[in-house]
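Have a look at the structure below before the remarks.
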2 protein chains.
Amino acid sequence: MSDPLVIFTPSGKRGHFPVGTPVLTAARQLGVDLDSVCGGRGICSKCQVSPSYGEFSKHGVTVADDALSEWNEVEARYDRVRGLKEGRRLGCQATIQSDIVIDVPAESQVHRQVVRKAASDRVIVMDPATKLYYVTVPEPDMHEPLGDFERLRAALRTQWEIEEVTAPLSILSKLQKALRKGEWAVTVAVHRGHDDSAARIMEIWPGFHEDRIFGLAIDLGSTTIAAHLTDLRNGTVAASAGVMNPQIRFGEDLMSRVSYAMMNPGGDLEMTRAVREAIDGLTVELAQEAGISPAQILEAVFVCNPVMHHLLLGIDPVELGQAPFALATSRSVSVDATELGLHGMNDRARVFVLPCIAGHVGADAAAVALSEQPGKSDDLVLVVDVGTNAEILLGDRSRVLACSSPTGPAFEGAQISSGQRAAPGAIEKIEIDPTSKEPRFRVIGCDLWSDDPGFDAATAASGITGICGSGIIEAVAELRIAGLMDARGLLGSAEQTGTPRMVAEGRTHSYLIHDGTADGGPRITVTQGDIRAIQLAKSALYAGARLLMDERGVDKVDRVVLAGAFGAHISPKHAMVLGMIPDAPLDKVTSAGNAAGTGARIALCSVAARAEIEQTVREITKVETAIEPRFQEHFVNANAIPHATDPFPELLSHTPLPDVSFNAGSSGGSDAAGGRRRRRRA
Amino acid sequence: MSDPLVIFTPSGKRGHFPVGTPVLTAARQLGVDLDSVCGGRGICSKCQVSPSYGEFSKHGVTVADDALSEWNEVEARYDRVRGLKEGRRLGCQATIQSDIVIDVPAESQVHRQVVRKAASDRVIVMDPATKLYYVTVPEPDMHEPLGDFERLRAALRTQWEIEEVTAPLSILSKLQKALRKGEWAVTVAVHRGHDDSAARIMEIWPGFHEDRIFGLAIDLGSTTIAAHLTDLRNGTVAASAGVMNPQIRFGEDLMSRVSYAMMNPGGDLEMTRAVREAIDGLTVELAQEAGISPAQILEAVFVCNPVMHHLLLGIDPVELGQAPFALATSRSVSVDATELGLHGMNDRARVFVLPCIAGHVGADAAAVALSEQPGKSDDLVLVVDVGTNAEILLGDRSRVLACSSPTGPAFEGAQISSGQRAAPGAIEKIEIDPTSKEPRFRVIGCDLWSDDPGFDAATAASGITGICGSGIIEAVAELRIAGLMDARGLLGSAEQTGTPRMVAEGRTHSYLIHDGTADGGPRITVTQGDIRAIQLAKSALYAGARLLMDERGVDKVDRVVLAGAFGAHISPKHAMVLGMIPDAPLDKVTSAGNAAGTGARIALCSVAARAEIEQTVREITKVETAIEPRFQEHFVNANAIPHATDPFPELLSHTPLPDVSFNAGSSGGSDAAGGRRRRRRA
């Protein structure tokens, strides 16, 4: 009679093992994904399995009730103390007696796969730089007087195949007490970066340590800092929070911060201190929210644009303000949190900053590349991360290009007359009836449209306070669709358009969306100045994308991904009417949410991803918008808002763009024939 | 006609090279030791050579006057600005025209050999962990936007074959300014430890940097801290200084400091702070004395016993106070000076602490092993480093054994009634006339004997203040030789010995060496208590050595090396009369001076030595005196001071040890037949 057959599900891996073989041993020999932190000592319970009994015609086996050994003392104790789920066994304790089918539940799989978000099937294989290991260490021997640390090292090598581990002095000073308190067993958190040759011990606890360990994924933007406190065992987000970047007081946009550093000796250090303090505060807040100790946070991953990157690292960004825009360092940066002056987390926490692509294309763009993987796309994809700067990636398996375009803050509702940040009360969606020219809209925090019954009551609390970035884009596009604005971006007068919503303001006109003055609220309008600001922003964005397309030698892309916290809320239809993005079938324009933040989380959860992006970034073709004459050309040509002859039949069939033309006061004259058609020449 | 023949002296290396080959290039191709910091750019002048002209029958060549190219502009400028020694050429500029003999002067050799001290022919090949490199870096290119640091890295790889260099953030933040100020050339100090996989940039200067860089070799003793500020280019000592270890206030000896840490929570940290502050002070003092900036000190190497080792590193030494005497770490330790809380040197300075051999045998013993190299000795050598603890090494090429023995502070003049530290005014040498029983002596700071004319005048300034460690050893041995003390160590009375210098003190007697009371000075005597203290110390030392000899299976050694600041001053003859050290021919007992400090300097000047000692230490057989029953046995048996039948005929022929025996008051009875003869049994 041959050895019993063991079949693991869901992997389907199978093999014969001698009677008495522990399930964990069989799993390891077959390469089945079965977790174990304590190394099979019945302590960690990570190797739980669910045996199945009865007949399995599919597998051709019948499993007897006694196919596994009886519960032993270790399992009984574990069940008594902590409780073992119905039907579960500890894989390190239960041994094989006869043919058996064993299921490995998802939470017992080492490489737990974490779905990035419901809308996507992108998964991250958990393989963080910092992991916990339970290890038993031989007692000291006077006749072979190796240090406690050297015996721990040797134990990590034999028990966990971790070679050449190092430890900072602050661990060495805790080591001896921990070993003795744990009776020659400790749990250590070991960090192995993607390029560090030496693993290092980050933390040590006596005996088996139950507590979770965490990392921070931080998207350090010019305007906001967003952080996700992430469980390093399974990648789940325990808490998220954001805070304004306090550097705003030194300058709204990046170039004004660079100027501040140039004009004020020590100004770069002021900004560095400010952002580090904000990160410390955010860290403490997140730890409190999740109910954990800051000492449990052992890692942080940062993504940011090059100026923020330098300011975070304490490097004067002055070189980034002038050609040739030389980065101090373009590779990823791995340092101690304390070297960054960060003190909100574990004293020994490590920081990983993604690599920058170029002087204007930062680690945030690298994070988008890591998240959206244009280099693994079969079709040609354009990824646009919309913010104060737009990061633009274009590519497929053959090649990826990247650039950055200075769109300015208009897309985020700044420098817009009725603009505001995305918050309850802000208009985020708008439609203008092409016939009546009347608007209907929705505000953040309410699902009703403004002409739905109950809208006033539902928005009474927040009021209608302004218009946010996605709202202004829709408003401008709708004005064009409704024939209230010509292809050059000029708004018509009440006379020209036949609607009293067009209000004269000096020599130009505004469109009145909502007048709340009767109730003490604001008058919300779109002014000619607002339209100019949006035109500049969208021209910059479009020009950047076109530049990459030129470089690639194409005049269309297969699909477009809109990324960025704001990008997620842009209506693809309106973005295309505006001419923000190049032509693509509407169903091929998708939103990726905060792709940079997702990239940070991916790098936090996977050292392989860190190695990948380090490599990927070097292979990306960098295009520098600031010195490329064709960028200016594209920018000027992109200023117009295309009219009805543009190729959006499927999109715009119900609302052909009218070929109107307005004169703004005495200036003007029609050059509506320009616009998108002219851009085609490039 | 074949290419010109080039012969380098003193190496004798020779080869043929095409006309026009620079001398430096020829030297490199032949593997001739010719320095260059600037990489052949005519900046550093390190590659100076002395061409020889005329007939060289020995080499079979005749060198024409125009065998090298004419002075070029670079050499002319160099000579104008800095001056070039008569007959010297710059090896990177002068090119070969015909057969030539070229001498490489010592200062142009890369691996300058530094003679350790005049009395020894041991040399150190200079190969320090930290060296300077001049490097030119390509300017940034917008189309290939590698960071400034990445281009510097690449340049170090191609120009200096330094792979994978890293830099802390504090260097990255200085990098961009330095590169631009140096017009794309910088000098960097790069550190490569013996086990670090990655080289790291320690300092950066624009252009070619002239200043020297330094390291500290620090012998951190229980009682004193001695440091040598060492030039890292050539190993010369620029300044030396010592300071008392401020931990003395927590306990004179190591075990009382360990007790202090055990009894007082946080006491270990108090002691750590104290010693670090003292090191900082010493560092600043040395920099001032040498007239350099503390920022020029880029490295420090420490040697110390295990308790000092732990206290320096901030590790509670409590485990070292009890069996099994477990070290927190036994390997060498490489850390940033700032991690040690040291701030007297460059912010990025690195610290290397030699490995410990065992819980009682420290990095100081490892340093002695590195300096004295017992493992490379053809004959069996016993190395004794005498201090508050004695480090003892015994070995030859086949095997080395080590132990530590708690001799206590008596050898250093502490716990001796008239004892004092070695300082001007202390009696350091003494002779007692066997007939008259009268003493004559010398004091530190004066070359005259006390019975020489002019002695009183010469010592008037210092006075005669006490007796130091080497003095008390000689005094006790001389008392035995003069028949004033019996083999058990009992001093006779005035009656028994016939000299009024024997003074009764209670039931025991003292020997009066010098009575300065008439001039307000002290009475300097050797008391029975002093003799007991010395007996205990010498028994411990001897027992440790015997234990190693037992382990090795020998009852004599070929030679003895006395090391330690104090060991250098011990008279071999008196040490052997006392029975401090095992029998050896007197001419085979030598002094090695401060061997531990020398070991520190060797490790500072050579990474190969670091690797060597790391390996050597693991191969040494450790013997733990504290738990070895035979140690007690040897200790008890070693208490006596041998008499005339002992085998020192060549040494003692002029003064046979008298076979006297005294009774101390009512106690006593003669057991003088014990002593050395009994020890022989072991």
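Below, read A as the first sequence line, B as the second, and so on, with proteins coming before strands; counting in each chain starts at 1. What you see is a predicted model, and the numbers here were worked out from it, not measured in a lab.
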*With a 4.5 angstrom heavy-atom cut-off, could you sort out which part of A/V318 is near chain B: side chain, backbone, both or neither?*
neither
*Of the listed residues (B/P324, B/P140, B/G359), which shares the most heavy-atom pairs with chain A below a 4.5 Å separation?*
B/P324
*Is the backbone of B/I315 close enough, under 3.5 Å, to the side chain of A/S173 for a donor and an acceptor to pair up by distance?*
no
*Can you check whether A/L169's main-chain N or O pairs, donor with acceptor, with B/E339's side chain at less than 3.5 Å?*
yes
*After noting the C-alpha distance and the side-chain angles of B/L327 and A/E150, does the key distance pass the side chain to side chain contact (heavy atoms under 4.5 Å, CB included) rule?*
CA-CA 9 Å; B/L327 291 160; A/E150 284 69 26; over 6 Å; no
*When you measure from the side chain of B/Q176 to the backbone N and O of A/A326, does any donor-acceptor pair fall under 3.5 Å?*
yes
*Of the listed residues (B/D268, B/L146, B/I357, B/T621), which shares the most heavy-atom pairs with chain A below a 4.5 Å separation?*
B/L146
_Which of B/R153, B/H310, B/H360, B/E139 touches chain A most, by non-hydrogen pairs under 4.5 Å_ = B/R153
*Which distance, rounded to the nearest 0.5 Å, do you find between the CD of A/E319 and the CG of B/D148?*
7.0 Å
_CD (B/Q322) with more than 12 external heavy atoms under 6.0 Å_ = yes
*Once you round to the nearest 0.5 Å, how far does OG1 of B/T329 lie from CD1 of A/I171?*
13.0 Å
*What's the shortest heavy-atom distance between B/G147 and A/S330, and which atoms?*
N-OG, 2.7 Å
*Of the backbone (N, CA, C, O) and the side chain (C-beta and beyond), which part of A/P355 lies under 4.5 Å from a heavy atom of chain B, both, or neither?*
neither
*Measure distances from A/K174 to the heavy atoms of chain B and classify the residue's part below 4.5 Å as side chain, backbone, both or neither.*
neither
_Under 4.5 Å from a heavy atom of chain A, the part of B/L175 involved_ = side chain
*asked:* Whether the side chain of B/E624 engages the backbone of A/M142 through a donor-acceptor N/O pair (distance < 3.5 Å, no angle test) should be reported.
replied: no
